[in-house]
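Shown next, in structure tokens, is the structure this report addresses.
Letters A, B, ... mirror the listed sequences (proteins, then strands); counts begin at 1. For clarity, every value in this text was computed on a predicted model and none was experimentally measured.
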2 protein chains.
Amino acid sequence: MTPSPSPGSADLDFTLDRSSPVPLYYQLAQQLESAIEHGSLPPGSLLGNEIDLANRLGLSRPTVRQGIQSLVDKGLLVRRRGIGTQVVHSQVKRPLELSSLYDDLETAGQNPSTRVLRNEIQPASAEVAAALGISEGAEVNVVERLRLTHGQPMAQLRNHVPAGLLDLDTGRLESTGLYRMMRSAGVTLHSANQSIGAREATAEEAELLEEPEGAALLTMRRTAYDDTGRAVEYGSHVYRASRYTFQFQLLVRG
Amino acid sequence: MTPSPSPGSADLDFTLDRSSPVPLYYQLAQQLESAIEHGSLPPGSLLGNEIDLANRLGLSRPTVRQGIQSLVDKGLLVRRRGIGTQVVHSQVKRPLELSSLYDDLETAGQNPSTRVLRNEIQPASAEVAAALGISEGAEVNVVERLRLTHGQPMAQLRNHVPAGLLDLDTGRLESTGLYRMMRSAGVTLHSANQSIGAREATAEEAELLEEPEGAALLTMRRTAYDDTGRAVEYGSHVYRASRYTFQFQLLVRG
DNA sequence: CCCCGCTGTTTGTCAGGACAAATCTTTGAC
DNA sequence: GTCAAAGATTTGTCCTGACAAACAGCGGGG
């Protein structure tokens with residue numbers, strides 16, 4: 001028998017800083033996560049039981065459990081009673097965040113840029129009012145942008161924001177993403193309803209996106225809410241299907 | 001001043017069964033959730049502080065916190081230090097599960113039915129082998145189905161399952177969904193990578209789905225993994241964009 | 001040789017307590 | 001009247017301790 005590559009409980013050294021303002025369980029979770037990413041904790045390996053781990057780190061078991069639990073919720077670890085906690089064996093990358101297209105493209109090295117086609121205050125149409133939960137005719141900031149990657153058109157983005165919520169400077173809209181501007185304005189996003197579909201390009205869309213007329217386009221409509229339940233943005237976007245797909249990962253909630 | 005509709009801390013009566021095998025924190029979470037659904041806890045209302053709640057229920061504070069935390073993770077509640085825990089004000093329905101199309105349609109009252117077009121064992125193509133993480137040419141079960149709602153074609157579903165993992169009886173495939181068959185066969189789904197795009201219908205697809213040739217179609221590719229990290233299914237599906245959109249909700253992980 | 005039950009291991013659940021940090025409210029000073 | 005400081009309230013973090021439940025592996029009986 002060769003020495004079996006069975007999941008041995010790896011013992012790594014973690015450094016915890018009790019004087020740091022960042023919680024201990026979170027420090028543990030971060031170091032575990034980076035150990036998993038760097039391969040120090042290969043897929044399938046066991047973590048060693050929680051009580052030993054707590055003793056070795058000088059922590060209590062609930063604190064260790066809290067740190068581990070956060071990674072279980074992320075889908076990186078799996079717990080089994082009587083067995084232990086082991087690193088999940090599949091490739092887990094992004095658990096589908098409420099991310100902005102701009103950030104997604106930037107992290108993918110796609111070199112995104114933006115051209116603002118429209119940026120004005122208008123009374124809300126019936127569709128926009130219903131999506132934002134405001135009265136028809138109330139003032140909303142309408143922004144229409146063309147998103148490009150490597151100089152090629154990628155998507156037409158049309159956003160509606162309740163007037164007064166945000167200062168939508170055209171210059172900043174061209175240099176960064178809308179969600180970044182929201183967060184720096186103190187708006188904390190909480191949830192969003194999304195709807196993804198497809199349809200054929202109209203003549204105007206075809207010209208703007210440099211696609212043949214009637215080409216298949218991906219559509220996405222999204223209403224985003226902050227943590228008080230207030231609708232802060234309604235977006236109606238169109239993507240070139242030949243150059244973009246939505247990619248994400250789902251987790252089964254146990 | 002009229003009596004302000006400010007969020008008063010509602011005091012409800014919960015019944016906990018300590019002899020039940022279902023955990024106390026979970027009993028609390030379920031009753032809180034149903035109270036929110038039924039409107040006993042209206043959006044914006046406060047829950048009352050955890051210590052009082054624990055005393056009233058005869059529970060410890062960690063147990064109460066665990067129950068509340070599970071609803072926070074679901075997006076139903078929001079905690080604020082110094083303020084309290086309150087019911088989130090937006091409409092939260094489904095936090096995007098890894099659900100099967102069949103179940104989705106059935107719960108939506110769409111009366112789904114299935115016609116199996118193909119069900120056979122074949123050697124894996126390069127694409128399928130890469131998606132499932134198996135060697136090219138290994139045997140896979142290929143299932144091709146037409147999904148209908150109210151007798152109308154809705155989607156063409158093509159699934160690939162490693163041979164031997166599951167007994168794919170054609171009769172059961174027509175009367176239920178693939179994911180239900182997997183679960184009843186002891187396969188516990190853990191995560192999946194999805195990719196949603198669009199393209200124009202080929203002549204064959206157009207005829208099968210009763211769409212004009214070149215019509216916009218929604219495409220979805222998904223690889224599903226069980227909790228050991230093993231790929232258990234690769235699906236490549238095509239939906240009629242005129243009759244179907246992907247709808248789901250996202251939560252921002254704090 | 002196979003099946004059953006026993007035992008050790010590990011996570012799941014629950015209790016009770018303590019202090020820190022963030023927030024709102026009230027009070028006081030100017 | 002306005003602003004700042006002090007206090008009260010509530011959640012966030014962390015500790016110790018205990019028992020229950022599920023699982024793997026071992027050994028005995030058939």
- Query: Any luck finding a side-chain donor-acceptor pair between A:Glu233 and A:Tyr179 under 3.5 Å?
  - Reply: yes
- Query: For residues B:Gln247 and A:Asn193, is any side-chain donor paired with an opposing acceptor at under 3.5 Å?
  - Reply: no
- Message: Quick check against the 3.5 Å criterion: does B:Asp226 have a side-chain atom that pairs as donor or acceptor with the backbone of B:Gly229?
- Response: yes
- Task: Assess the side chains of B:Glu33 and B:Gln31: does a donor N or O sit below 3.5 Å from an acceptor N or O?
- Result: no
Between the protein and nucleotides 8-15 of chain D, are there any N/O to N/O pairs under 3.5 Å, and if so, what are the atom names and distances?
from   : atom 1 : to      : atom 2 : distance (Å)
D:dT10 : OP2    : B:Asn49 : ND2    : 3.2
D:dT10 : O2     : B:Gly82 : N      : 3.2
D:dT11 : OP2    : B:Glu50 : N      : 2.9
D:dG12 : OP2    : B:Arg65 : NH1    : 2.8
D:dG12 : OP2    : B:Arg65 : NH2    : 3.0
D:dG12 : OP2    : B:Arg79 : NE     : 2.9
D:dG12 : O4'    : B:Arg81 : NH2    : 3.4
D:dG12 : N7     : B:Arg61 : NH2    : 2.9
D:dG12 : O6     : B:Arg61 : NH1    : 3.3
D:dT13 : OP1    : A:Tyr25 : OH     : 3.2
D:dT13 : O4     : B:Arg61 : NH1    : 3.4
D:dC14 : OP1    : A:Leu24 : N      : 2.5
D:dC14 : OP2    : A:Leu24 : N      : 3.4
D:dC14 : OP2    : A:Tyr25 : N      : 3.3
D:dC15 : OP1    : A:Arg18 : NH2    : 2.6
D:dC15 : OP2    : A:Ser60 : N      : 3.1
D:dC15 : OP2    : A:Ser60 : OG     : 2.9
D:dC15 : OP2    : A:Thr63 : OG1    : 2.6

- Task: Taking A:Gln194 for its side chain and A:Arg222 for its backbone only, find out whether a donor-acceptor pair lies under 3.5 Å.
- Result: no
- Min and max contacting nt of DNA chain C in 5' to 3' order, chain A heavy atoms within under 4.0 angstrom, are C:dT9 to C:dT13
- Close side-chain approach of A:Val232 to A:Leu189, heavy-atom, < 4.5 Å: yes
- For A:Arg61, enumerate each residue passing the side-chain hydrogen bond (donor to acceptor under 3.5 Å, both in side chains) test, keeping only those at least two apart in sequence or located in another chain. A:Glu50
